[in-house]
Amino acid sequence: MTAAVLGPLGVDVERGPAVLAAIDSGPSLAAHRRWHGEPGRPQLTPLLADLERVGLRGRGGAGFPFGRKLEAAAEASGRPSVVVNLSEGEPASAKDAALARTAPHLVLDGAVTAARVLGSREVHLVVPGADLQVRASIETAVRERRDERIRFDMHRADEAFVAGQAAAVIELMAGRPNRPVTTWQPAAVRGHRGRPTLLSNGETFAQLALLVLHGVDAYLAHGTPGEPGTALLTVHDDLGCRVVEAEFGTKWEAVLASDDVDRPVLLGGYHGTWADAGELRDLTVSRTGLADVGLTLGAGVVLVPDGCPLTFAASVTSYLADESAGRCGPCFNGLPALAEALHRVTTGIGGRGETERLCRMVERRGACAHPDGTARMVRSALTRFPAEVDRHARGGCSYRAGGGG
Amino acid sequence: MPAAAAATAPGAVADMANHQLRVDWPACQARGLCFELLPEVIELDDWGYPVVGSEITPELLAAARAAVRGCPRMALRLRPK
Amino acid sequence: MSTAMLWFLNRGTGMVLLGVLTATVLLGVLAARGRAGSLLPAFVSRSLHRNLSLFGAILLVAHIATAVLDEFVDIRWWHAFVPYGAAYEPWWLAVGTLASDLILAVLVTTAVRGRLGLRCWQRVHQLAYLAWALGLVHGLMIGSDSGETWALISYSAAAGVVAVAVLLRLLSPTAAELEGERV
């Protein structure tokens, strides 16, 4: 049993092995320094080698190798900026909010290290505009660091699903609406004010800080040889919502409540993929292990829906259709049509072929990953639950007998 | 697929690489000019927005450039593959 | 060339310009309507719009040149660009000069459209409406044939068709708007 700190809006944050190791002593800079010490001042080349060695990938969902992003930002022309994206657009994700509240200085250490390595003196912190606690916590943490020669700029993101996408964040920083636009080059090459921009989410910077504060060997002590380290997960199940830190290689049985591995689980959030009942029993918390069976860890959201996964997928799709920014035609028109088609599948009036066709029609046809992520989740619901789809086609549902509603 | 691959003789016009047509989706407003100018590659979806089929081969490069120029919303870009 | 000849040419090019510019504006107004496969293929109306506008530009040069070269009225070469200080019909000449300046801006921005970006180009391009309207007023007020019935009919027809086209465009949504309101 680990002590639980009350996180954002009733989310339990459990003490973890590395990132969340020091949360019991509070979020202050003094407590942070007592536990983690002072970060060194690494040079770019050895840091890149260390990042390569521990295989750190972005934790925002796409999983791009962080070292390659850092290297791209360092090599591109112009003085780079560092952006910490704490605005989780995905409403089911609470890990960056939890980090901001319980270990803000780990995130800031990572950001400051990245800024110094890149020869930059400004760090942009993008916080969820609606979450007053996160904002207050980050503001306090920044005030504690006044004597550091780094300028921290706060930006408040909109409360919208697509507002957290990298291009949308860069729009926000430019004073334009916080919505995605087409980018022709990655932000690391050409981002904020046309300059190279190292934009990653909060957990990624916290992981970087751990590496710099405690060294490669300490980082390699967690996880597996193939996938060192830990990952933050936001778990939603019958017990409520909690943020936990799991070492890579941990069995899902140890992460989820006792019999939840025998239920369908949505991994990676609303843009994620479905694991069939029992499928997680033989699997571990692992990007590559999950990818081998067509699953994704995404930004670490783990949802165990109460009831029929197909019906749940349909309502998530409707939500995602509503969350389209409405800027790109295929998304704006396609997602409502897709939601409608999937709704027909769940109510047993056809729609299966149409759903698959619409998935193909929206994919890779938008400025951001919203249509792709939605299609991924819908398609995995169809392929993971074929028996359930058939049952719904005959007007049934294996989950209805239990409790109705 | 294998038939198409075999049709390209090795060493024939290798210096002209294939190009890729990319759409600036927020800019596109389904005017459909690209479909008229480049039906070889572009189809329209249910709502009139372009579906870019294949890569742009060197023979289609001129037509693709015309489509890029012709787009009233300036929503098309041609990039080397 | 005789002065009479220049004067005839000037009036002639003016009247033809009215027709050509009106047709250009019409095609431009209607280009944003409907979707592929309606009345005309969009690329046909678009190239017609483009070629007519270029023809209009050539006619405009001829119109201005004949006015400057003609010695019956005192119009200097710089009056082609500066809408001020002409001795002959200073107000209505200035209106015409302003129209041709605007047309020049529209042409130049279109030539470098790729570098300007859509928004900027669009804003300048919308000045074409103003240019057309100023041109019409210029012709009506300065033209020596404006009292003639055929001339009055031409002016009213030009104003009428453009007004109808603009109304049609405002009332009928673009293809994208047909699907609903967009941000």
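Convention: sequence-line order gives letters A, B, ...; per-chain numbering from 1. Below, each value reflects all heavy atoms present in this structure, side chains not excepted, and no hydrogens, waters or symmetry copies. Bear in mind that the values here come from a model prediction, so they are computed numbers and not experimental data.
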- Task: For atom CD of B:Glu43, decide whether the heavy atoms of other residues, nucleotides or ligands shown that lie under 6.0 angstrom number more than 12.
- Result: no
- Task: Hey, could you give me each pair passing ring pair (Phe, Tyr, Trp, His ring centres under 6.0 Å) that has a residue in residues 134-168 of chain C? Not counting sequence neighbours.
- Result: none
- C:Trp121: what forms a ring-ring contact (aromatic ring centres under 6.0 Å, His included) with it, not counting sequence neighbours? C:His125
- Query: Is the number of heavy atoms from other residues, nucleotides or ligands under 6.0 Å of C:Trp78 CH2 greater than 12?
  - Reply: yes
- Message: Once side-chain hydrogen bond (donor to acceptor under 3.5 Å, both in side chains) is applied, do any residues pair with C:Thr24, and if so which ones, sequence neighbours excluded?
- Response: none
- Item | Gap between atom CG of B:Leu37 and atom CZ of C:Phe43 - 0.5 Å precision | 6.0 Å
- Message: How about CH2 on C:Trp92, more than 12 heavy atoms from neighbouring residues, nucleotides or ligands closer than 6.0 Å, or not?
- Response: no
- Message: Heavy-atom count check: over 12 atoms from other residues, nucleotides or ligands less than 6.0 Å from C:Phe55 CZ?
- Response: no
- Message: What part of C:Arg50 gets within 4.5 angstrom of chain B, counting heavy atoms only: side chain, backbone, both, or neither?
- Response: neither
- Taking only heavy atoms into account, what residues of residues 68-78 of chain B are found under 4.5 Å from chain C? B:Arg69, B:Gly70, B:Cys71, B:Pro72, B:Arg73, B:Met74
